[in-house]
Chemist: 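Take this structure, written in structure tokens, and hold onto it; I'll ask about it next.
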Amino acid sequence: MPIVVNLDVMLAKRKMTLTELSERVDITMANLSILKSGKARAIRFTTLDDICKVLECQPGDLLQHVDDKTYKKLFRL
Amino acid sequence: METPYRGRGLVNKRLMIALSIVFGVVGTTLLVITIFNLRVNLEYVTRPLGLPNYDQGLPVTASTELKIVKTMGEFDEGRGNVVRMEQYHTDERKSRRNQQVTGEMASTVTRKSGYFAIEADTDIAVNEVLMNRAVLHLQPKNFWHRLYFMYPGILNSFVASFCFWFLALFVSNIQEGGAFTKRNGLRLQRVGWAILGLQALYYIQRVTPTLIDDFYLEYPTMSRFSSSDFWFRASPESEFSVTWALIGALILVVASAFRDGEMLQEEKNLTI
């Protein structure tokens with residue numbers, strides 16, 4: 001689905017690793033990987049709220065809508 | 001995180017596997033008995049006959065003779081063969097529910113023909129004579145006749161074994177926390193089709209004329225008023241059961257619900 005989660009970008013800006021985020025947000029590494037890789041089907045508001053609190057950002061900083069072509073290019077589909 | 005369901009009591013994998021093995025062994029034993037004609041002391045040749053009732057106002061009979069003219073097997077004279085006849089009269093002033101049995105005869109048939117005496121109350125007209133049950137012990141003549149006697153027991157055992165095996169796998173999956181999977185949906189589907197398929201086979205057998213030799217009971221009567229011959233053709237009762245057909249259909253419906261559940265489970269797994 002053409003919603004991209006820019007987790008890598010925000011982690012780099014905040015100089016945080018995925019492991020650190022996982023510990024602070026209490027989401028497993030596996031689930032964060034699913035989120036990062038674009039395989040997630042949905043995200044709960046509570047989860048989004050927790051990530052935004054830790055990364056000190058807005059949902060719009062994490063979520064980006066792209067067109068199908070760009071999405072396929074990004075994830076090599 | 002939700003705790004996966006752990007089966008308790010009857011819903012456990014080991015019991016299902018045990019039942020599957022038991023039914024498999026029973027089915028195999030019956031098949032071996034049938035193929036090799038092992039004359040063990042099982043009443044496998046006993047089948048209640050769905051005899052038709054004759055209700056067209058039989059004349060009063062002094063005695064009536066029952067003969068077994070033609071069968072699929074050899075008549076076993078030494079066993080407890082029974083034919084039960086009942087006689088009713090109807091008082092015209094009362095409703096049909098007030099029918100009373102004025103004579104009842106159960107007789108052990110020890111040879112190929114037997115005599116039954118029905119004594120009618122001469123003050124009351126006899127309306128019906130019902131031959132409602134006959135249990136005849138026959139030894140089948142050849143392999144195909146043996147199979148015809150035995151196939152319901154064999155099929156029921158193997159289908160039960162098959163169903164319990166897949167239910168064991170299904171229960172095992174649930175105990176591991178994965179109820180809604182494609183595999184479980186397929187397993188339920190197989191169980192449902194097995195039960196429904198078996199009932200369909202029995203229904204076909206019930207509605208189609210018997211293609212092989214059947215039981216023939218000749219039922220001539222000797223009466224003070226008339227002498228008539230009444231002929232019956234009887235065949236073994238069908239194993240078809242509407243209840244089991246409905247259960248099979250219900251399991252198929254549940255299987256389709258599990259397939260939908262699988263999609264929901266996948267959505268849930270990919271929801272962060």
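Quick note on labels: first sequence line is chain A, next is B, and so on, each numbered from 1. As a basis for the values below, the full set of heavy atoms in this structure was taken, side chains included, without hydrogen atoms, waters or symmetry mates.
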Chemist: Atom CZ of A/R41 and atom NZ of B/K268: how far apart are they, to the nearest 0.5 Å?
Modeler: 14.5 Å

Chemist: Give a yes or no on this: more than 12 heavy atoms of other residues, nucleotides or ligands lie within 6.0 Å of atom CZ of B/R183.
Modeler: no

Chemist: Any side-chain heavy atom of A/R44 within less than 4.5 Å of one from B/I272?
Modeler: no

Chemist: I'd like to know whether CG of A/D67 has more than 12 heavy-atom contacts from other residues, nucleotides or ligands below 6.0 angstrom.
Modeler: yes

Chemist: For A/I43, is it the side chain, the backbone, both or neither that has a heavy atom under 4.5 Å from a heavy atom of chain B?
Modeler: both

Chemist: Taking all non-hydrogen atoms of both residues, which atom of A/K39 and which atom of B/L270 are closest, and how far apart?
Modeler: O-CD1, 3.8 Å

Chemist: Are there more than 12 heavy atoms of other residues, nucleotides or ligands under 6.0 Å from atom CZ of B/F240?
Modeler: yes

